[in-house]
Amino acid sequence: MKSFFLYLYSLVETRQIVKHVASFLNQYYNHDNVENNERVVNILTPKATLASNFKKMHGFNKVRELNDYHHAHDAYLNAAISLIILRAKPELLKELVYGMHYTHKDNKEKIGTYSKNATQRKKMYDSLLDFTLDDYLTNEDGEILWEYKHILPKMRKIMNYRQINITKKPELLTGKFGDETVYQADEKSKKFASGLKRHLSPQKYGGTKKPISGFSVVILNRNDEIKAVSISSMLSEKYLGTEDKLSFIQNIYPNEKIQKILVEKVRKYTRYILPNGAVRLVSSYKEASNGMQLPMMDIPDKNSKLKDIENTFDKLSKFISDNKLFTDVKIEILNSTIRENFSQFEVNEKIDLVQELLRVIKGQNQNLKVLSKAGLGTTAQQLQSGNIITNETTLIHQSVTGLYETRVKLK
């Protein structure tokens with residue numbers, strides 16, 4: 001009997017999505033055995049509370065600020081915990097398998113999990129993994145079902161693997177055409193992004209600040225310079241539907257002296273490599289974000305040893321330096337002045353500075369008070385000049401899983 005583990009993480013209504021996907025998988029794998037009520041593959045849909053309780057019991061900390069690995073970790077823990085429960089308590093099969101239901105013939109006294117009372121079910125799930133705190137769990141035949149010293153270290157080792165493919169879905173921004181805020185009359189206001197009154201002077205009537213960029217187009221101008229220009233959401237369908245895209249974009253950007261279109265469409269979150277080797281994700285035609293994942297490490301707190309806090313600072317500063325997340329001048333300051341001042345700070349300030357370095361890696365460069373105090377000064381809010389698509393940039397077109405990719409070097 002095979003098992004298929006289903007775990008989805010999203011900011012949308014996950015419970016309904018899981019039901020639909022589980023139904024599709026069940027029909028696909030067990031379609032030929034529906035009449036016989038047999039299952040070739042069990043579709044397991046464990047509740048998220050099981051993984052949450054397990055992490056609390058055994059000290060598996062979930063750190064969203066570090067990297068995106070926690071999504072893969074949650075999926076792994078759900079699969080591993082489901083197998084552990086089914087092996088230790090096979091009577092709970094119908095509790096975890098999609099499409100299986102309890103009947104009156106089930107021995108409720110033995111299992112004690114089928115009450116519709118929410119309070120009783122919560123107590124059941126809260127105590128379901130208590131056996132994992134014991135050194136051993138055996139069945140009536142003496143077979144070892146759970147061994148703490150063997151299974152936990154193996155799970156911790158797997159949770160620290162770095163070979164995890166992280167991909168972001170490249171997107172075309174559609175929907176609203178521009179900034180929804182309508183500003184009062186201002187000499188600095190740009191034209192209306194949309195609306196019937198966009199032909200009226202914003203100096204007299206006000207308007208929206210800017211249209212929303214739908215995607216980027218990589219062009220080559222007459223000076224042999226490669227750069228990205230924006231196609232707004234309002235014009236995206238018209239651009240994609242026209243046959244002569246070069247003339248279309250030349251009319252939009254007459255001052256760019258566009259000679260050739262190198263890439264007709266670059267979506268948001270497309271991955272690319274700069275000439276200096278730094279990896280970026282497209283945020284817009286003139287902004288980028290970090291495209292590398294920080295490796296797993298323990299984030300220090302107020303109870304951490306001083307040496308551990310300083311080691312974490314060194315790891316983060318090296319990651320920022322290697323991935324060029326600051327300008328060369330700021331990187332030099334980070335590795336000299338800031339490092340010296342950091343060693344003189346109190347523990348609380350050191351912790352705050354480490355947290356600010358994590359924010360820098362995640363692309364949040366605002367309100368870096370402790371770093372500024374340590375000597376950093378002001379920084380750009382986004383990765384802009386020196387980080388955008390230009391000559392010798394390599395675009396990376398990835399498959400959904402990240403297992404396959406095509407690289408195109410822009411020359």
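Quick note: numbers below take in every heavy atom, side chains included, and nothing from hydrogens, waters or symmetry partners.
The CD1 atom of Ile320 sits 6.0 Å away from atom CG of Leu325, with the distance rounded to the nearest 0.5 Å. Summarising the geometry, atom CD1 belonging to Ile258 is positioned 8.5 Å from atom NZ belonging to Lys227; distances are rounded to the nearest 0.5 Å. Note that CG of Leu129 and NZ of Lys56 are 12.5 Å apart. Values are rounded to the nearest 0.5 Å.
Using a 4.5 Å heavy-atom threshold, the side chains of Glu256 and Ile249 count as separate. Using a 4.5 Å heavy-atom cutoff, the side chains of Asp308 and Asp298 are not in contact. Using a 4.5 Å heavy-atom cutoff, the side chains of Phe313 and Ile338 are in contact. Looking at heavy atoms from C-beta onward, Ile219 lies out of side-chain contact with Tyr253 at the 4.5 angstrom threshold. The shortest side-chain heavy-atom distance between Ile84 and Leu145 does not fall under the 4.5 Å cut-off. His73 is not listed as a side-chain neighbour of Phe60, based on a closest heavy-atom distance of 4.5 Å or more. Side-chain atoms of Met57 and Asp130, non-hydrogen and from C-beta on, do get closer than 4.5 Å to each other. Residues Tyr136 and Trp146 are not in side-chain contact: their nearest non-hydrogen atoms beyond the backbone lie 4.5 Å or more apart.
Between the side chain of Asn67 and the backbone N or O of Tyr69, at least one donor-acceptor pair lies under 3.5 Å. For the pair Ser233 (side chain) and Leu173 (backbone), a donor-acceptor distance under 3.5 Å is present.
Nearest heavy-atom pair across Ala80 and Met155 is CB-CE, 4.0 Å. Considering all non-hydrogen atoms of both residues, Asn391 and Ile226 come closest at OD1-N, 2.9 Å. For the pair Tyr98 and Thr45, the tightest heavy-atom approach, listed with the atom from each and the gap, is CB-CG2, 4.2 Å. When every heavy atom of Asp68 is checked against every heavy atom of Ile166, the shortest pair comes out as O-CD1, 3.9 Å.
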**Study point:** Intermediate values then yes/no, side chain to side chain donor-acceptor pair (under 3.5 Å), Thr401 and Asn165
**Key:** CA-CA 7 Å; Thr401 60; Asn165 289 338; 5.9 Å; no

Review point. Taking it one step at a time, do Glu95 and Lys47 satisfy salt bridge (charged side-chain N to carboxylate O under 4.0 Å, His left out)?
Key: CA-CA 10 Å; Glu95 187 74 29; Lys47 294 184 180 296; 5.8 Å; no

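No side-chain donor from either of Gln398 and Tyr269 sits under 3.5 Å from a side-chain acceptor of the other. No side-chain N or O of Ser336 forms a donor-acceptor pair with one of Glu340 less than 3.5 Å apart.
The aromatic ring centroids of Tyr148 and His58 lie less than 6.0 Å from each other.
A cation-pi arrangement is present between Lys373 and Phe345, with the terminal nitrogen or guanidinium carbon under 6.0 Å from the aromatic centre and inside a 45° cone about the axis. Both tests pass for Lys350 against the ring of Phe342: distance under 6.0 Å to the centre and angle within 45° of the axis. Judged by the 6.0 Å and 45° rule, Lys268 forms no cation-pi pair with Phe215.
Electrostatic pairing of Lys122 and Asp126 counts as a salt bridge here, judged by a charged N lying under 4.0 Å from a carboxylate O. In this structure, Arg359 does not pair ionically with Glu65, as no charged nitrogen and carboxylate oxygen lie closer than 4.0 Å. Ion pairing between a basic and an acidic side chain is recognised when a charged N comes within 4.0 Å of a carboxylate O; Glu392 and Lys411 show no such pairing. A salt bridge does not link Lys305 with Glu310: none of the charged nitrogens is closer than 4.0 Å to a carboxylate oxygen. Between Arg407 and Glu405 there is a salt bridge, since at least one side-chain N of the basic residue sits less than 4.0 Å from a carboxylate O of the acidic one. Ionic pairing of Lys55 and Asp74 is present here: one or more N-O contacts between side-chain nitrogen and carboxylate oxygen are shorter than 4.0 angstrom.
In this structure, Glu332 places its CD atom where only 12 or fewer heavy-atom neighbours from other residues, nucleotides or ligands lie under 6.0 Å away.
Each of Thr393, Asn323, Asn387 was checked for a side-chain hydrogen bond (donor to acceptor under 3.5 Å, both in side chains) with Arg280, and the lone residue meeting it is Asn387. Each of Val263, Thr406, Leu262 was compared with Leu395 under the side-chain contact (heavy atoms from CB on, under 4.5 Å) criterion, and only Val263 meets it.
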